[in-house]
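One-based numbering along the sequence shown.
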Amino acid sequence: MRVWGLVWVRVVMLAAVLCLGTAGRAAADVSDFLNQPVTAVSIEVDGERSAESRLVLLLEVRAGETLTLNAVRESIGHLFALGMFSDVRVDAVAESGGVAVTFRLTSTRQVTGFTIDGGAPGIDRGRLRQAIGEQFGDRPRLVRVPDIARFLENEMQQVGYLHAKVTSSGEPDTTNGVTLVLHLEPGTRTTIGQIAIQGETGLSEADLRRRLDVATGDPFERTRLDSRIDRYLADRRRAGFYEVRMALAVQLADEDHIAHLTLTANQGPHVRVVFTGDPLPANRRDDLVPVAREGAVDEDLLEDSRNHIEDYLRSLGYKDAQAPFTREEHDGELSLVFDVRRGPQYRVSEVALSGATSLPDSTWQTRLRVRSGQPFSQTALNGDLAIIEDTYRREGFADVTVAAVTTNTPGASSAGDVG
């Protein structure tokens, strides 16, 4: 909670600095007229003069008074606080007997409705409307229109219109909003030219082309092609080729009207996971060594898998468990061999608290996890030590220290099953 409080304070302070900075920049336009009498004050909203009383009442700059920097700053702060304006500018013009001040406001009008016109094959205007709503909301602010235009241009580029443009126009409506018209200018669609396939894909070239649904003369739709490549990679990983890779290189020609494709694949070896030594439950192996789920066989994942196996066995009392792994590659097949060595199983014969104990034994009956007869777990023991130390600190023993002493006794270990 204390950290969140600090973050909140910093955000508030930053907002205040930004408001003052904005005020400083606006006041710079009127700095030559400070300390002169104000002859007139006017407000313009989106280029049109406004006499709206609530805006006038917010101004600290008033006709008949002296123009001060503080009054300008306060006025800008009040206007921004309404949340109705994205920009406030202040202009001053010398007049007979003083200075006329104009506050020029840019409203944060919302788009209350929009239509999309224009298009070409492959452009689904209904889907584009839905995508705008998902990305920007049903009533985006007017200042987001440039972002909406760039978003639509990117969407059209994904279906082959690499030089698509979007323009916009709008009309204010009766709700202080804007009805927006987005004009699509797709341009010429890029098509696929030559297709080169390199490396080992695990499929014939014809099968791969069918799988990727790619042919010369088709529209160049990068997103869909990337999606098909991802499906191909997922299929190969399901078949045990966890190191499969495919890269797509695109060379544009003929003023970007043609896209020549080069697909470079490396299927890699077929992968098997092998367990030797002591057995592991079959229903835990994929969780402990998740190479199939992750679709990878990198060293970090294998090290984590070894740790998972050892931690799992140690939680069952095999505190000396080891599971080193090796990589063995023969004839295009990679075997990941985990040599599982459980060692003896240790069980807890007795649990006792000693030393300067000041709390009754009943304090710990429901709190501690380590109990007589259970398999010994160092993780559970460490957790209990933390509970004991925390409890004593809460009771006012600030300097408490807690340590554990474990002693092997005859009959304390056995070769129990793993389950």
Mutual orientation of the aromatic rings belonging to Y392 and F397 [parallel < 30°, tilted 30-60°, perpendicular > 60°] | perpendicular
If only atom types and distance count, is the side chain of S227 paired as donor or acceptor with the main-chain N or O of T223 below 3.5 Å?
-> no
So, D339 and T276: side-chain donor and acceptor under 3.5 Å apart, yes or no?
-> yes
So, does R129 use its side chain to make a donor-acceptor pair with the main chain of F114 at under 3.5 Å?
-> yes
How about E255: does its CD atom have over 12 heavy atoms from other parts shown lying under 6.0 Å from it?
-> no
Does S50 reach the main-chain N or O of V45 with its side chain, forming a donor-acceptor pair under 3.5 Å?
-> no
In terms of side-chain geometry, is the basic nitrogen of R89 or D87 positioned less than 4.0 Å from the acidic oxygen of its partner?
-> yes
Is there a side chain to side chain donor-acceptor pair (under 3.5 Å) between S169 and H183 once you walk through the steps?
-> CA-CA 8 Å; S169 59; H183 309 276; 3.0 Å; yes
E48 CD: over 12 foreign heavy atoms closer than 6.0 Å = no
Mark yes or no for whether E200, through its side chain, and G202, through its backbone, hold a donor-acceptor pair below 3.5 Å.
-> yes
Would you say the side-chain atoms of S75 and E60 include a donor-acceptor pair closer than 3.5 Å?
-> no
Would you confirm whether D218, through its side chain, and I192, through its main-chain N or O, come within 3.5 Å as a donor-acceptor pair?
-> no
Would a distance-only check, ignoring hydrogens and angles, find a side-chain to backbone donor-acceptor pair under 3.5 Å from Q345 to P375?
-> no
R150 and E153 ion-paired at < 4.0 Å | no
Side-chain ion pair, D235 and R231, N-O less than 4.0 Å | no
Would you mind checking if E221 and R189 are paired as a salt bridge, meaning a charged N to carboxylate O distance below 4.0 Å?
-> yes
Audit row: V250, H260, side-chain contact (heavy atoms from CB on, under 4.5 Å) steps and yes/no | CA-CA 6 Å; V250 180; H260 299 303; over 6 Å; no
Check ion pair R272-E333 (N to O, under 4.0 angstrom) = yes
Ignoring hydrogens and angles, state whether a donor on the side chain of Q130 or E134 is under 3.5 Å from an acceptor on the partner side chain.
-> yes
When every non-hydrogen atom of G343 is compared with those of Y318, the smallest separation belongs to O-CD2, 3.2 Å
State whether the side chain of R228 and the backbone N or O of V214 hold a donor-acceptor pair below 3.5 Å, judged by distance alone.
-> no
Does a sphere of radius 6.0 Å around CD in Q194 hold more than 12 heavy atoms from other residues, nucleotides or ligands, not counting ones at 6.0 Å or beyond?
-> no
Would you find a donor on one side and an acceptor on the other, under 3.5 Å apart, between the side chain of R393 and the backbone of A398?
-> yes
Just checking, is any N or O donor in the side chain of T191 or H257 under 3.5 Å from an acceptor N or O on the other one?
-> no
For the rings on F136 and F151, is their centre-to-centre separation under 6.0 Å?
-> yes
So Q374 and R347, side chain to side chain donor-acceptor pair (under 3.5 Å) or not? Walk me through it.
-> CA-CA 5 Å; Q374 291 181 340; R347 290 186 175 274; over 6 Å; no
Flag, side chain of T216 to backbone of G193, donor-acceptor distance under 3.5 Å | yes
Determine, step by step, whether L208 and M246 satisfy the side-chain contact (heavy atoms from CB on, under 4.5 Å) criterion, reporting the C-alpha distance in whole Å, the side-chain angles of both residues, the deciding distance to 0.1 Å, and the verdict.
-> CA-CA 12 Å; L208 181 63; M246 176 173 283; 4.0 Å; yes
Would you check if R127 and E155 make a side-chain contact, meaning some heavy-atom pair closer than 4.5 Å?
-> yes
Any luck finding a side-chain donor-acceptor pair between E328 and S335 under 3.5 Å?
-> no
Below 4.0 angstrom, N of the basic side chain to O of the carboxylate: do R293 and D286 qualify?
-> no
Among side-chain atoms of R314 and Q378, is any donor-acceptor pair under 3.5 angstrom?
-> no
R224 CZ: over 12 foreign heavy atoms closer than 6.0 Å = no
Report yes or no: do S86 and T106 form a side-chain donor-acceptor pair below 3.5 Å?
-> no
Do Y346 and F376 make the cut of ring centroids closer than 6.0 angstrom?
-> no
N-O pairing of R327 and E299 below 4.0 Å = yes
Is there a donor-acceptor contact under 3.5 Å from the side chain of D384 to the main chain of R369?
-> yes
Got more than 12 heavy atoms from elsewhere within 6.0 Å of CG, D254?
-> yes
Given side chains that start at C-beta, do those of F103 and L59 come closer than 4.5 Å, heavy atoms only?
-> yes
Does R211 come within less than 4.0 Å of D207, counting only side-chain N to carboxylate O?
-> no
Give the minimum heavy-atom separation between A292 and Y242, together with the two atoms involved.
-> CB-OH, 3.5 Å
Check whether the side chains of N382 and T379 place a donor and an acceptor atom closer than 3.5 Å, and report yes or no.
-> no
So, do V99 and T39 sit near enough that their side-chain heavy atoms are less than 4.5 Å apart?
-> no
Mind running side-chain contact (heavy atoms from CB on, under 4.5 Å) on V61 and L67 for me, showing each step along the way?
-> CA-CA 7 Å; V61 178; L67 181 64; 3.9 Å; yes
